[in-house]
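Worth knowing before you read on, the calculation uses all heavy atoms, side chains too, and leaves out hydrogens, waters and symmetry mates. This structure is a prediction, so every number in the text was calculated from the model and none was measured. Chain A is the first sequence line, chain B the second, and so forth, proteins listed ahead of strands; every chain is numbered from 1.
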Protein chains: 2
Amino acid sequence: MIQVNVRDPRPIYEQVRDGFRRLILSGVLPAGSKMPSVRELAAELAINPNTIQRAYRELELEGCICTVPGRGSFVSASDAAAALRRRELTDELRAAVKELRALGMNEAEILSAIREGTGND
Amino acid sequence: MIQVNVRDPRPIYEQVRDGFRRLILSGVLPAGSKMPSVRELAAELAINPNTIQRAYRELELEGCICTVPGRGSFVSASDAAAALRRRELTDELRAAVKELRALGMNEAEILSAIREGTGND
DNA sequence: TTTGCTGTATTAAATCGCTTAGTACAGTCA
DNA sequence: TGACTGTACTAAGCGATTTAATACAGCAAA
């Protein structure tokens with residue numbers, strides 16, 4: 001369900017957090033479904049429970065999951081989290097477009113670079 | 001000319017490197033112009049010369065600058081570096097667009113989010 | 001040549017974030 | 001009660017970043 005790559009320079013807790021965020025926001029994990037327990041996932045991925053806990057804590061702060069002490073963590077109705085993520089992504093998008101314009105690409109070139117999977121230049 | 005923010009979680013050498021890369025690729029620093037010396041810039045920014053040196057080394061590897069031992073570092077004709085950067089940015093762009101599509105945004109919404117500086121939803 | 005700049009290389013130490021390990025406590029449910 | 005759940009805490013190791021202090025070599029001008 002979630003994969004962790006030790007050669008990835010990003011911290012493990014970020015990989016876990018981003019992996020679940022994607023699964024949740026894309027609807028693969030529907031609202032209300034139960035997240036694996038901290039210890040269970042830690043054993044499955046062979047990493048420390050504290051690292052999983054940190055990922056879960058951030059997902060909770062983002063509004064992606066809702067934790068109930070003693071019961072577990074559950075995917076929450078994530079309209080707010082989805083809106084937050086859309087906002088982040090559009091901000092990234094605008095920054096990239098701005099810099100590409102500064103590098104001399106016009107709007108048509110940028111659009112074609114988005115639509116076509118082919119590399120430019 | 002370059003600003004460093006200690007509260008930025010990114011390493012200082014990355015901030016320096018990215019700052020100069022932007023100045024060079026955008027044409028603010030024209031090809032052939034002299035970069036500040038390692039010691040001079042370190043004193044100006046109040047950081048260690050080794051940190052500046054690391055930023056310069058990476059800029060040289062990217063092809064943005066050309067260093068001549070004993071003389072200094074100079075902005076190089078950076079067509080290859082510009083192409084590299086364009087490639088990085090279009091890759092970022094495509095990844096963001098892909099995720100936004102997965103979040104339910106259609107192409108028209110994405111395009112308007114790029115064109116208009118206003119936040120959506 | 002001497003002086004003063006330039007980049008480069010090296011080592012040691014301090015700091016910080018990430019990760020692991022171990023332990024402990026409290027809530028939930030069969 | 002017992003077995004699970006999340007949570008909290010401390011201690012330690014590790015690696016990257018940064019600083020510090022030197023040292024060496026190339027270039028240019030007085």
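- With hydrophobic clusters built from ILVMFWY side chains whose heavy atoms lie under 4.5 angstrom apart, Ile12(B) shares a cluster with Leu41(B).
- Judged by closest nucleotide on DNA chain C, Ile47(A) is the one of Arg39(A) and Ile47(A) placed further toward the 5' end.
- When distances are taken from the side chain of Gln53(A) to each of dA9(C), dA8(D), dG6(D), the shortest belongs to dA8(D).
- Rounded to a whole Å, the CD atom of Gln15(A) is 13 Å from the C1' atom of dT19(C).
- Arg71(A) contributes no side-chain N or O that forms a donor-acceptor pair with the base of dG27(C) under 3.5 Å.
- The separation between Arg10(B) atom CZ and dG17(C) atom P is 17 Å, rounded to whole Å.
- Atoms CZ and SG, from Arg71(A) and Cys66(A) in turn, are 10.0 Å apart once rounded to the nearest 0.5 Å.
- Residue Glu58(A) contributes atom CD, which lies 16 Å from atom C1' of dT7(D) at whole-angstrom precision.
- A close approach under 4.0 Å does not occur between any side-chain nitrogen or oxygen of Tyr13(A) and OP1 or OP2 of dT19(C).
- Listed nucleotides: dT18(D), dG7(C), dG6(D). Nearest to the side chain of Thr67(A): dG6(D).
- Atoms CZ (Arg7(A)) and P (dG15(D)) sit 17 Å apart, rounded to a whole Å.
- The side chain of Ile12(B) sits closest to dT18(D) out of dG7(C), dT18(D), dT19(C).
- The main-chain N or O of Asn5(A) is found under 3.5 Å from a side-chain atom of Gln15(A) such that the two form a donor-acceptor pair.
- A close approach under 4.0 Å does not occur between any side-chain nitrogen or oxygen of Thr51(A) and OP1 or OP2 of dT19(C).
- Per the geometry, CZ belonging to Phe74(A) stands 11 Å off P belonging to dT5(D), to the nearest Å.
- Under the 4.5 Å side-chain heavy-atom criterion for ILVMFWY residues, a single connected hydrophobic cluster contains both Ile114(A) and Val97(A).
- Here dC18(C) presents its P atom at 10 Å from CZ of Arg17(A), a figure rounded to the nearest Å.
- Toward the 5' end of DNA chain C, the nearer of the two residues Asn50(A) and Met35(B), judged by each one's closest nucleotide, is Met35(B).
- When the P atom of dA16(D) is taken as reference, atom CG of Asn48(B) falls 19 Å away, rounded to whole Å.
- Atom P of nucleotide dT19(C) and atom CG of Leu45(A) are separated by 12 Å, given to the nearest angstrom.
- When heavy atoms are screened at a 4.0 angstrom cut-off, Arg54(B) is found touching the sugar-phosphate backbone but no base atom.
- You'll find the side chain of Val75(A) stays beyond 4.5 Å of the side chain of Leu23(A), heavy atoms only.
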